[in-house]
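To keep things clear, I will list the structure first and then write my remarks on it.
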Amino acid sequence: MIAFLCAAAAAAGFFDAIAGGGGLIQLPALLIGLQDKSVVNVLGTNKFAAVFGTINAANRYRKQVKIDKKDRKSTRLNSSHRCISYAVF
């Protein structure tokens, strides 16, 4: 079963890196492979993998693309403003 889950995770990572949507492969594999676990735990495991992959991709992108400091400050302020406004409204 571990080999099946590892193969599914590798396939999901491959497709997610190319076109996105790796969770469409990983989530059903987790539901099949972890039938003895609750659905909440399986969804949490899937979300943890997705967040970790997104953070990794963002860090790699940040290292490859140089952004001007002035642009970075305005982008940070704009994104913070949007997050707060979406949370409130």
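Keep in mind that what you see is a predicted model, and the values were worked out from it rather than measured.
- Using a 4.5 Å cut-off between side-chain heavy atoms of Ile, Leu, Val, Met, Phe, Trp and Tyr, with links allowed through other members, V39 and L30 fall into the same hydrophobic cluster.
- For the side-chain contact (heavy atoms from CB on, under 4.5 Å) test, residues two or more places apart in sequence or in another chain that qualify with F4 are M1, A29, I32.
- Across G21 and D16, no two heavy atoms sit closer than the pair N-OD1, 3.2 Å.
- In the hydrophobic clustering of ILVMFWY residues, with side-chain heavy atoms under 4.5 Å counting as a link, F48 and L43 come out apart.
- Residue I55 is found in a hydrophobic cluster whose other members, listed by chain and number, are V51; membership requires side-chain heavy atoms under 4.5 Å apart, directly or through intermediates.
- Both I18 and I25 sit in one connected hydrophobic cluster of ILVMFWY residues. Membership requires side-chain heavy atoms under 4.5 Å apart, directly or through other members.
- Note that the OG1 atom of T54 and the CG atom of N59 stand 11.0 Å from one another [nearest 0.5 Å].
- Cluster annotation: L5 and L27 are assigned to the same hydrophobic cluster (Ile/Leu/Val/Met/Phe/Trp/Tyr, side-chain heavy-atom contacts under 4.5 Å, transitive).
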